[in-house]
Amino acid sequence: MTSSGDQEQIDTSELSGVFAVPDWLRGAGATAWLLVGLALLLVGLIWLLSLTNVIVLPVLAAGIVAAVASPLVFWMHGHGVPRALGAALMMLAIVLVGVGMTLAVVGGIVGETSSAESSLSSAEDKITGWAEDLGVDPGTAENAKNQASSATTASAEALLNGVTRGLGALSSTVFFLAMATLSLFFLLKDGPTIRAWTDRHLGLPRDVAQTITQRVLGALRGYFLGTTIVAAFNAVVVTIGAWVLGVPLIGTIAAVTFIGAYIPYIGAWSAGVFAVLIALGGAGTDAAVGMIVLQLFANGVLQQLVQPFAMGTALGLHPLAVLVVTIAGGALFGTIGLILAAPLTSAVVKISADFARAKADARTATAPA
């Protein structure tokens, strides 16, 4: 800036940065638009899945099973078994196991529904009596019991209606099973070819695409294989404990315990509460206390001993992070979100770590000595 008489002469070059957008604001704006884009993408995915769930759900189910079973097909292929024959044998074994488990679970739950309702009703009466003994007004205790019963009934009806709507959306259970079985066969038979095609069409460098697909498959494989081992272990422990305590509906408790293990934290402890209420209503207070100790032992100490061997570093996430992403996944995508949120989040974290490590190695290699 210069002075000429009474007038100040302004050097326009000094104004170049006066009205420029600060770097921090520019970065914040870009981040905000990125978040808006991600939110729109998420909404679009949810909408698309709701329209295509007839096909997406069975293919997803087949993909999960194929991710866990494909190493066995690869092993058979390495020992001289044609891949198509190995896929057919593995699919047959999976179908037989699935049919057996379905019959056991459905028979254990549906066949004993009336007994379970009777035991739960008896448990509600005992809890109401304890509340009155502690000085709670009888009317208040009875009202709380009725509200709990109403909420339980409404939840059960919502669950049954949700299942009914889901089956209706799939047109029929037969179509779902047929689509899942057909998808499973081709995923087992042509898994390497499908993965190679995916790597080529991700629009990323080949090594980057391979890292992404390998991490996703590894997370799914490790998580579901480990979860199955932990679920079977917990079901066996709880079943033996229920038999020793004289708790009724052992088959139902075993089935609920096994299925609940596939939903991190929420499923296992919900199954534990169910078992305790059955014990309280069907075998008395002592059995309920024993069942509480058993559930704490099975889902606490014993699970911590078994889980590292069964799952290894399958997730690598903090338990709180697993709980949060599981609830968020369930809220957005329903049952599929509850089951897949944790392993997919783990895959994303590990992929990010791989890329960060690769960048650090590249900087170290190019740094002057």
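What you see below is based on every heavy atom in this structure, not just the backbone, and it leaves out hydrogens, waters and symmetry mates.
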A side-chain contact here means heavy atoms from C-beta on lying under 4.5 Å apart; do W75 and V81 qualify? no

Around F74, counting heavy atoms of other residues, nucleotides and ligands shown, do more than 12 lie under 6.0 Å from its CZ? no

May I have the step-by-step check of side-chain contact (heavy atoms from CB on, under 4.5 Å) for M91 and K189, ending in yes or no? CA-CA 10 Å; M91 187 183 67; K189 174 180 173 292; over 6 Å; no

Given side chains that start at C-beta, do those of M76 and M90 come closer than 4.5 Å, heavy atoms only? yes

For P343 and A219, the nearest pair of non-hydrogen atoms, with its separation, is O-CB, 3.4 Å

What's the spacing between S270 OG and I259 CD1 if we round to 0.5 Å? 13.0 Å

Establish whether L187 and L60 are linked, either directly or via other cluster members, by ILVMFWY side-chain heavy-atom contacts under 4.5 Å. no

Please determine whether side-chain contact (heavy atoms from CB on, under 4.5 Å) holds for the pair T239 and I253, giving the CA-CA distance in whole Å, both sets of side-chain angles, and the decisive distance to 0.1 Å. CA-CA 7 Å; T239 299; I253 292 174; over 6 Å; no

Under 3.5 Å: donor-acceptor pair, side chain of S346, backbone of A342: no

Under a plain distance cut-off of 3.5 Å, with no hydrogens placed, do D199 and T213 share a side-chain donor-acceptor pair? yes

Determine, using the 4.5 Å side-chain heavy-atom cutoff (strictly less than), whether L182 and L89 are members of one ILVMFWY cluster. yes

Output the distance between atom OG1 (T257) and atom CD1 (I250), rounded to the nearest 0.5 Å. 11.5 Å

Could you tell me whether F185 atom CZ has more than 12 heavy atoms of other residues or ligands within 6.0 Å of it? yes

Side chain to side chain donor-acceptor pair (under 3.5 Å) evaluation trace for R195 with Q210: CA-CA 9 Å; R195 182 185 171 189; Q210 288 178 342; over 6 Å; no

So which heavy atom on A62 is nearest to which on A180, and how close? CB-O, 3.5 Å

Shortest non-hydrogen contact between A341 and G329, atoms and distance: CB-CA, 4.1 Å

Interatomic distance, CG@L294 vs CG@N234, rounded to 0.5 Å, equals 9.5 Å

For L188 against A87, the heavy-atom pair lying closest together: CB-CB, 3.7 Å

As a quick check of understanding, evaluate side-chain contact (heavy atoms from CB on, under 4.5 Å) for L220 and L340, giving each step before the final call. CA-CA 8 Å; L220 291 174; L340 292 180; 3.9 Å; yes

Is any side-chain heavy atom of P71 closer than 4.5 Å to one of R221? yes

Distance in Å, I240 CD1 paired with L245 CG, rounded so as to fall on 0.5 Å steps: 12.0 Å

From L296 CG over to M291 CE, what is the distance, rounded to the nearest 0.5 angstrom? 11.5 Å

d(S70 OG, L217 CG) to nearest 0.5 Å is 7.0 Å

Please answer: with hydrophobic residues joined when any side-chain heavy atoms are less than 4.5 Å apart, are V289 and V273 in the same cluster? no

Establish whether V325 and V349 are linked, either directly or via other cluster members, by ILVMFWY side-chain heavy-atom contacts under 4.5 Å. no

Where does the angle between the aromatic ring planes of H201 and W197 fall among parallel (under 30°), tilted (30 to 60°) and perpendicular (over 60°)? parallel

Would V65 and F224 satisfy side-chain contact (heavy atoms from CB on, under 4.5 Å), going step by step from the backbone distance to the final call? CA-CA 9 Å; V65 176; F224 284 103; over 6 Å; no

Would a hydrophobic clustering, with Ile, Leu, Val, Met, Phe, Trp and Tyr connected at side-chain separations under 4.5 Å, put F274 with V247? yes

Heavy atoms of A298 and V237 approach each other most closely as CB-CG1, 4.1 Å

Quick one: list whatever passes salt bridge (Lys or Arg N to Asp or Glu O under 4.0 Å) with R215, sequence neighbours left out. D354

